[in-house]
Amino acid sequence: MQRHDLQTGALREFHLSAGGALHKISGRWIPLLHTVFASAAFLGALVVGWKLHYYKIVKNEYYGYPDEWFPSVSATIGDRYPGRSVFQILIALTASPRLLLHVFWYVLTARTAPKRAQALFWIGFLRTWTCGGWVYVTSGDDHDMHDVMMISYMLLTLPYMLLLIQISDKSMFVHSAKTLAQNKSRRKLVCSLFFGAIPPMIYFFINHKVYKIAGAYTTYAFFEWALIAFDIMFDSLAMVEFKALDLSILPGKSDEQRD
């Protein structure tokens with residue numbers, strides 16, 4: 001295809017793919033990029049913190065090393081530079097694919113389950129907003145606001161996961177019912193692991209905060225990190241359904257066509 005460049009008067013050539021798109025990528029790249037950026041953000045902050053500030057990030061208000069020897073998520077991502085900056089830069093890159101996740105899920109399920117698709121979109125959007133709250137307002141900046149945003153995020157995760165499990169096999173674009181059913185089972189497993197980790201996490205946090213038991217905060221930290229892993233894993237499963245969609249860049253209409 002050739003288009004006329006109004007500034008230079010030259011004919012410029014564009015190679016269009018099937019369907020008239022200038023460029024097209026598979027929808028599976030959306031959850032893949034989300035998984036890569038989110039994992040890199042948390043692991044990057046953990047590696048940097050472990051190398052540069054190990055004894056500081058494992059220390060809490062009651063104990064330090066060797067009683068406590070593994071850092072919590074909050075201490076890793078928010079307490080020390082440059083780990084905090086590494087995390088915030090990489091988690092910012094996660095924002096676009098995360099929002100596109102919600103858009104793609106709406107597109108996939110709006111015709112077959114319109115009300116639940118709308119509810120999932122807005123719950124996902126609010127959940128993303130609360131995620132920004134505990135990510136960019138660190139426990140050192142404002143401990144209460146950090147906790148409120150994190151608790152809100154976890155509360156919104158329940159309807160988010162349950163709704164997504166309900167409508168994930170309602171996509172009208174994926175032709176293999178068996179594939180959808182298998183991925184739905186994986187989501188149920190990851191969701192069970194996520195919420196199954198919360199009671200022991202609370203138990204060890206109480207042991208640390210109320211009973212001041214040495215080492216309890218380290219065990220709490222392992223369950224906290226497990227929640228992060230299960231959360232990322234849950235959204236990564238969308239790579240199966242999103243293969244049915246493409247993200248395309250289409251050429252705009254010329255001035256003559258608009259007129």
For the student: nearest non-hydrogen atoms of A221 and S72, plus distance: CB-CA, 3.7 Å
Atom of T35, atom of S236 and distance for their closest heavy-atom approach: OG1-CB, 3.1 Å
Cluster overlap I151 with I202, hydrophobic side-chain contacts below 4.5 Å: no
Pair S74, H146: side-chain N/O donor-acceptor within cut-off below 3.5 Å: yes
Candidate pair R80 and L52, rule side chain to side chain contact (heavy atoms under 4.5 Å, CB included), full reasoning: CA-CA 9 Å; R80 302 285 172 180; L52 300 180; over 6 Å; no
Flag side-chain contact, heavy atom, 4.5 Å: V86 against L90: yes
Main-chain N/O of K170 paired to T112 side chain as donor or acceptor, under 3.5 Å: yes
Main-chain N/O of Q88 paired to Y136 side chain as donor or acceptor, under 3.5 Å: yes
Within one Ile-Leu-Val-Met-Phe-Trp-Tyr cluster: M201 and I206, side-chain cutoff 4.5 Å: yes
Flag, side chain of T130 to backbone of G133, donor-acceptor distance under 3.5 Å: no
Single-linkage hydrophobic cluster, 4.5 Å side-chain cutoff, Y55 and L46 together: yes
Heavy-atom side-chain contact between I77 and R84 under 4.5 Å: no
Distance, nearest 0.5 Å, that separates CD of E241 from CG of L237: 8.0 Å
From T109 atom OG1 to L164 atom CG, the distance as rounded to the nearest 0.5 Å: 8.5 Å
Side-chain donor or acceptor of S185 paired with backbone N/O of A181 under 3.5 Å: yes
Heavy-atom donor-acceptor pair, T219 side chain to F204 backbone, under 3.5 Å: no
Aromatic ring pairing F205/Y217, orientation class (parallel under 30°, perpendicular over 60°, tilted between): tilted
In one Ile/Leu/Val/Met/Phe/Trp/Tyr side-chain cluster, 4.5 Å: L108, I25: yes
Interatomic spacing from OG in S168 to CE in M161 - rounded to 0.5 Å: 12.5 Å
Minimum heavy-atom distance T94-A38, with the two atoms named: OG1-N, 3.5 Å
Side-chain touch M154/I198, heavy atoms, less than 4.5 angstrom: yes
Euclidean distance, I91 CD1 relative to C131 SG, rounded to 0.5 Å: 6.0 Å
Output field: ring centroids W29/F242 closer than 6.0 Å: no
Exercise: identify the closest heavy-atom pair between A45 and G83: CB-O, 3.7 Å
Close side-chain approach of V190 and F230, heavy atoms under 4.5 Å: yes
pair P31-D235: side-chain heavy atoms closer than 4.5 Å: no
Any donor-acceptor N/O pair, E68 side chain to K59 backbone, under 3.5 Å: no
CG on D144 to CE on M149, rounded to 0.5 Å: 12.5 Å
Pair F87 and F42, ring centroids less than 6.0 Å apart: yes
Residues forming a side-chain contact (heavy atoms from CB on, under 4.5 Å) with R28, sequence neighbours excluded: S26, M239, K243
Ion pair E61/K209, N-O distance below 4.0 Å: yes
Donor-acceptor pair, side chain of N60 and main chain of Y62, under 3.5 angstrom: yes
Can you give each donor-acceptor pair under 3.5 Å made by side-chain atoms of residues 117-129, sequence neighbours left out, with the distance rounded to 0.1 Å?
unit_1	atom_1	unit_2	atom_2	d
R127	NE	T157	OG1	3.0
R127	NH2	Y153	OH	3.1
R127	NH2	D231	OD1	2.8
R127	NH2	D231	OD2	3.2
T128	OG1	R98	NE	3.2
T128	OG1	H102	NE2	3.0
T128	OG1	G124	O	2.9

Non-hydrogen atoms of M150 and E224 that approach each other most closely: SD-OE2, 4.4 Å
N183 (side chain) donor-acceptor with L180 (main chain) under 3.5 angstrom: no
Shortest non-hydrogen contact between I232 and S39, atoms and distance: CG2-OG, 3.8 Å
Main-chain N/O of Y81 paired with H53 side-chain donor or acceptor, under 3.5 Å: yes
Hydrophobic cluster partners of L43 (side-chain heavy atoms under 4.5 Å): none
Ring centers of Y54, W50 separated by less than 6.0 Å: yes
Cluster overlap L227 with L189, hydrophobic side-chain contacts below 4.5 Å: yes
Rounded distance (nearest 0.5 Å) linking atom CH2 of W105 with atom CG of L245: 9.5 Å
NZ (K212) with more than 12 external heavy atoms under 6.0 Å: yes
Validation row, ring centre F70 to ring centre F222 under 6.0 Å: yes
